[in-house]
2 protein chains.
Amino acid sequence: MLHWMGTKIPADTSLRSQVYDSLRAALTAGRFTPGQKLSFRFIAGTLGVSLTPVREAIRRLVAEGAIEMQAGRSVRVPLMTKDKILELRDIRRTLEGMAVEKAAARATAAQVARLRRIASELVAVRGRGDTAADRQKIREFHFALYAIAGQPTLLQIIEGLWLRTGPYMNLLYPDYITSPRGPERRLRIIKALQDHDAPTARRAIEADIGDALSYIAGLADAAGNIAPAQPAAERKRRRGRSSPPPSGALVFP
Amino acid sequence: MLHWMGTKIPADTSLRSQVYDSLRAALTAGRFTPGQKLSFRFIAGTLGVSLTPVREAIRRLVAEGAIEMQAGRSVRVPLMTKDKILELRDIRRTLEGMAVEKAAARATAAQVARLRRIASELVAVRGRGDTAADRQKIREFHFALYAIAGQPTLLQIIEGLWLRTGPYMNLLYPDYITSPRGPERRLRIIKALQDHDAPTARRAIEADIGDALSYIAGLADAAGNIAPAQPAAERKRRRGRSSPPPSGALVFP
DNA sequence: AATCAAAATTTGTGATCACAAATTTGGCCG
DNA sequence: CGGCCAAATTTGTGATCACAAATTTTGATT
């Protein structure tokens, strides 16, 4: 639920947005193979809509770099290379470092408390083996952190970068993610925000992002290509009726 | 003309792209008043196309932050505030600084020579009072510089940032732009690239961007709003037939 | 003249169709 | 088995239509 100064911003219920959300979720979860061609009619057919909203959703995703458009006329899931990951690493490290630096200067006690709560929820989820839930909590922590900076444009750009790296972040599981550095760094960041210690906070987030993406870059083969990640494990299904997804959720199989 | 390793990339001739280019050019030149509502049918009618390509072009511009979409259903040219300009200043300073730093490490003699040529052309144009030509040369210099870094994603993000600030850059004319700091800094950057002196190059570009956008932020009124810029002066028309724009150029009046 | 509800118009959205370009298929010949 | 070309199919693009929501205009009433 999006809010702004207590005023509810009405959610965009257009089919276009729903298609966008579905594609975004599928990309982030790695449900498409990198390099896979996505035809408009396949997407429209799968989601049960016409071509029109699909085309507009695709335009947005292309603009955000989440999918790429071939010279001719087809779109496909981008293939990742070591160079591209290293470039994204440098950009993300810098921008997310900037966001945290500004956040440290402004963080209120309530905001710090919220971060602490999310961090402890993450600890609780970790080790349960639910990759999808784990990643969700990580995302929640990071964006709660960046939102404190109060810089909407910066936040939007960072979201775009997460969308580009998203399909490959599953590669961190299970090896990299079990390192205790993550939890330690999150606590260090929280402490630094509490103390308004911007340089320390920045260093911690830069190390976090730098290490994670360097690790992924290290998975590249000799040609510099990085293999696609496996889809995140689904959350446990609710007991009871399982067939139809809740109210109008457009999902890929 | 776009090239890549000697291979011509075929230009996208779709109507969608032409509409996008037209809107982008109009926005950059300040031909729309900030806050102005843009109806799909107005754009389609003006450019003589149907709604379909307009809708897709708009989606892309919205994703890039060049225009914004109201909650309900209309799109408009974003209004600029002091806070937003300062945020864009910080992001641009950082990312363009990063690009120049990488460029300094890689620049070849030929690339430096090209920068020097553009810089001298800019000096030639400067003082002729042709704002549009001046801005075009500035853009050419900056992107030739950033391209040397060889980081396509970074370049794409920077282009998006220029699109957001574009409608307001005319505010630099004629007062700010006549300062001799600009030409001096460009020469300093070129020299630093030649010497592979990354820190000096970064400092120079950061000062360039920081000063320009700080100047624009200083134009805000007490409420923090920044008045729209006047459209850039048109280039001198070629003599001869003046009515129809060259081959299929979709232009706004 | 100011107010406000009803009517008229405008506007974005989604579906559908026609069409050309790209891609795949299938068969033929080497 | 492999290369090549024409037919068949798929695919993205652009135009058009219907429709509901939003906006503007109108006109009656105070």
Side-chain angles (χ1 to χ4, degrees), chain A residues 7-24 32-33 35-79 247-252, chain B residues 7-24 32-33 35-64 66-78 247-252:
Chain A
T7 305
K8 269 183 199 157
I9 294 178
D12 189 347
T13 59
S14 64
L15 280 185
R16 169 188 1 109
S17 295
Q18 294 181 53
V19 172
Y20 171 82
D21 290 341
S22 302
L23 285 168
R24 182 186 169 112
F32 298 134
T33 308
Q36 178 179 351
K37 282 185 16 183
L38 295 176
S39 90
F40 290 18
R41 283 172 173 86
F42 164 73
I43 297 168
T46 304
L47 301 181
V49 298
S50 82
L51 286 182
T52 312
V54 171
R55 288 163 64 169
E56 301 195 29
I58 291 277
R59 289 309 154 215
R60 177 169 170 192
L61 287 163
V62 169
E64 292 170 340
I67 57 184
E68 59 189 19
M69 169 134 237
Q70 311 259 54
R73 30 225 259 136
S74 65
V75 272
R76 58 176 212 182
V77 183
L79 294 166
S247 67
L250 273 39
V251 212
F252 285 93
Chain B
T7 305
K8 266 182 204 160
I9 295 177
D12 189 345
T13 58
S14 64
L15 280 186
R16 169 187 5 109
S17 295
Q18 294 181 54
V19 172
Y20 171 82
D21 290 341
S22 302
L23 285 168
R24 182 187 169 108
F32 299 134
T33 308
Q36 179 179 350
K37 282 185 18 183
L38 295 177
S39 90
F40 290 18
R41 283 173 173 86
F42 164 73
I43 297 169
T46 304
L47 300 180
V49 298
S50 81
L51 286 182
T52 312
V54 171
R55 288 163 64 168
E56 300 194 31
I58 291 277
R59 289 309 152 213
R60 177 168 170 193
L61 287 163
V62 168
E64 292 171 340
I67 57 184
E68 59 189 20
M69 169 135 235
Q70 310 259 56
R73 35 226 256 136
S74 65
V75 276
R76 58 176 211 180
V77 183
S247 68
L250 273 37
V251 217
F252 284 93

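Naming: A, B, ... by sequence-line order, numbering from 1 per chain.
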In whole Å, I'd like the distance from the [atom1] atom of [X] to the [atom2] atom of [N].
{"X": "A/Ile67", "N": "D/dG12", "atom1": "CD1", "atom2": "P", "result": "11 Å"}
{"X": "A/Leu51", "N": "C/dT16", "atom1": "CG", "atom2": "P", "result": "10 Å"}
{"X": "A/Gln70", "N": "D/dT13", "atom1": "CD", "atom2": "C1'", "result": "17 Å"}
{"X": "A/Met69", "N": "D/dT11", "atom1": "CE", "atom2": "P", "result": "14 Å"}
{"X": "A/Ile58", "N": "D/dG12", "atom1": "CD1", "atom2": "C1'", "result": "11 Å"}
{"X": "B/Tyr20", "N": "D/dT13", "atom1": "OH", "atom2": "P", "result": "16 Å"}
{"X": "B/Arg76", "N": "C/dG12", "atom1": "CZ", "atom2": "C1'", "result": "17 Å"}

Check whether any side-chain N or O of B/Ser50 sits under 4.0 Å from OP1 or OP2 of D/dA15, and answer yes or no.
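Affirmative; the distance criterion is met.
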Using a heavy-atom cut-off of under 4.0 Å over every strand shown, decide if A/Ser39 touches base, sugar-phosphate, or nothing.
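Counting heavy atoms under 4.0 Å across all strands, the contact made by A/Ser39 is with sugar-phosphate only.
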Heavy atoms under 4.0 Å, any strand shown: does B/Leu38 hit a base, just sugar-phosphate, or nothing?
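Sugar-phosphate, no base atom in range.
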Which is more 5' along DNA chain C, the nucleotide nearest A/Ser14 or the one nearest A/Lys37? Just name the residue.
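By nearest-heavy-atom nucleotide position, the 5'-most residue is A/Ser14.
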Using a distance-only criterion (donor-acceptor N/O pair, under 3.5 Å, no hydrogens), is the base of C/dG12 paired with the side chain of B/Arg41?
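Counting by modelled atom types and ignoring angles, a donor-acceptor contact under 3.5 Å is found here.
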Mark yes or no for a side-chain to base donor-acceptor pair under 3.5 Å between A/Arg55 and D/dG14, with no hydrogen or angle criteria applied.
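Pair found.
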Between CG of B/Asp12 and CD of B/Gln18, what distance do you get to the nearest 0.5 Å?
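These two atoms lie 9.0 Å from each other.
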Quick check: do B/Arg16 and B/Arg60 have side-chain heavy atoms less than 4.5 Å from each other?
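A side-chain contact is absent here, since even the closest heavy-atom pair is not under 4.5 Å.
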